[in-house]
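So you know, we letter chains A, B, ... as the sequences are listed, proteins then strands, and number each from 1.
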Amino acid sequence: MAGCSRPVESSDPVTVEHEISPLPARVGVATITFRLADAAGKPVTGARIAVEADMSHAGMSPVFAEAKEEQPGRYQTHLKFQMAGDWIVFLHVTLPGGKKLERQIEVSGVRPK
Amino acid sequence: MNPSSIPALETAESLPFDLMRVPGLGHLFRWRYARPLLQAPLLVLSIIMILHGLFGPTLAPKNLATTLSWLHFRGVLVLVLLCAGNFFCLACPFMLVRQAARRFFKPRFNWPRALRNKWISVGLFVLILFTYELFDLWSSPWWTAWLIVAYFLSVLVVDGFFKHASFCKFVCPIGQFNFVASTLSPFEVKVREQDVCTRCHTKDCIRGRREPVSDLVTIRGCELALFQPSKVGNMDCTFCLDCVHACPHDNIGISSRLPANELMVDPIRSGIGYFSRRKDLAALAIVFTFGALLNAFGMVSPSYAVETWLGRTLHVNHEAPVLGVIFTFFLIVEPVLLLGLAAWLTRTWASSKRDLLPLAVRYTYGLVPMGFGMWLAHYCFHFLTGLYTVIPVTQNAIASLGRPLLGEPRWSLTGLPANVVQVIEIGFLMLGLAGSLVVIYGLAEDDAPDRPLRAFLPWAVVCLVLWCASMWLMFQPMEMRATMMSG
């Protein structure tokens, strides 16, 4: 699964692409990779990405994680999907200049183990 | 069978426990404004849920409308019904608004005679189950808020036009759920001494207490047409306590009783008639029982496989027709097959003199404990596994107003571990099965005194089939998706 995440608030030129493994996502630990690039397509380095994953229904606590920069502009995190169903992953990105971005990724239909 | 022939608990040696005699509690319930006092907090909570649902976070786990409606309200409701009685209807916030509105608009009409049954409410019960699946209400604070608003508006419209408690008795789907479930509750609003009622000439419990000269009602009697001396069981009783307040002899209590006993007997009941002649009530019991399984089926993985397969087979992309097929199977085909076969076997083996349909109607009430066991298992799963989530959601709601008075949200708070809750679920299902078997045996003994076992066995098999299906559902991996038809 790869795609561009949806901006929540701003129309900042920074694009965030994501990739989830395994595909389709299953209950358990999943690896999510993000690629941040500016308007010219250059990788955005040195960003801080806080990740929060919620289920679409009430009664589940969110899962929090931090994404680490593995390569320039390429960030990776591990999330534990505790239950099958629809998940929504929120990215709270802080760019090197301090500017903040919010992104939302819908991970629909996480399968049972 | 008349009420006096019902196996009674209240012998001289063993008087039932009466909540009205508990110090403090009895005083509270006897107080005329006890009901508004209990309704007011729920009204405030409803308004908060509506506002948060419409204007708060769009994510269900962070919204009070979805968290309180689909986790806490449903869980507390079934537990209170199991442990006490229909106390939610007592504290119903919709009735507080209705009561306030009736100060300005007096209803003029009586509820139409042709509609004095449960068919409308059975239809609405099914409609709520259907829209819950179709619009994924559990994942939408916005729709949940509008559902609560729609409820308030419906109450105002129905009871604005029609006298008495027409909405409660003939329309309200939550009320019907409570009425059916409360047949298994350990408490009942009932007279303490029949002799006192026999000597009573004013019948205030049904007519209302009136001014001697003007004949104006000062304290109303039962709005649901339940005449206390011949009232049997909890069906149609909202625990509103109007009869308690109206009775000039303080002869009505909230007494302990044997849960489900009222399902085993078939006396003529005030405001209801005979259970065995009420096809609409039997249909309500069927939707209550089979709907419990259907509602739980909607949250487990196999339901998505079934939906996808049905979608492909029927060549449809929309969820509504697929859900229509599933609902038809669960609520019509399956009950007709199971109950029809069981009724036919009972008639053949036990030589019951009843016709097939009356026989099926009579025994259908025996399935209610099984259905309630499933509702308990399902709702308590959500309630207990998400028990503490209301804390961070409330903290977050208050923090979003600009002042984190309760601190920063502690999102790590969830609830009891799923494996612990699963044991409780199994307990509820066992309890439901045991209750159904006892009720059905009681019905069989009454129906075929010479061959009760033969009358009992087919229905016991139906209960076992439902129990096995319930257990299977409980052990399926849970999967909550708002995108069913995506494959």
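Against chain A, the residues from residues 52-61 of chain B that qualify, each with a non-hydrogen atom under 4.5 angstrom away, are B:Leu59, B:Ala60, B:Pro61 in number order. For a heavy-atom cut-off of 4.5 Å, chain A lies close to B:Trp411, B:Leu413, B:Thr414 in residues 397-428 of chain B.
The part of B:Ser301 that comes within reach of chain A is its side chain, from C-beta onward, which places non-hydrogen atoms under 4.5 angstrom from that chain. When heavy atoms are compared at a cutoff of 4.5 Å, A:Glu52 approaches chain B solely by way of its side chain, counted from C-beta outward.
Qualifying salt bridge (charged side-chain N to carboxylate O under 4.0 Å, His left out) partners for A:Arg35, counting only residues two or more places apart in sequence or in other chains: A:Glu19.
Residues B:Thr389 and A:Met60 come closest through the heavy atom pair CG2-N, 4.4 Å.
The shortest side-chain heavy-atom distance between B:Thr66 and A:His57 does not fall under the 4.5 Å cut-off.
The number of heavy atoms from other shown groups lying within 6.0 Å of CH2 (B:Trp309) does not exceed 12.
Expressed to the nearest 0.5 Å, how far OH of B:Tyr388 lies from OG of A:Ser61 amounts to 13.5 Å.
Of all the listed residues (A:Val63, A:Asp54, A:Val27), the one sharing the greatest number of non-hydrogen pairs under 4.5 Å with chain B is A:Asp54.
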Going by atom type alone, with no hydrogens or angles, which donor-acceptor pairs under 3.5 Å involve a side-chain atom of residues 43-51 of chain A and a protein atom two or more places apart or on another chain?
from	atom 1	to	atom 2	distance (Å)
A:Arg48	NH2	A:Glu66	OE2	3.1

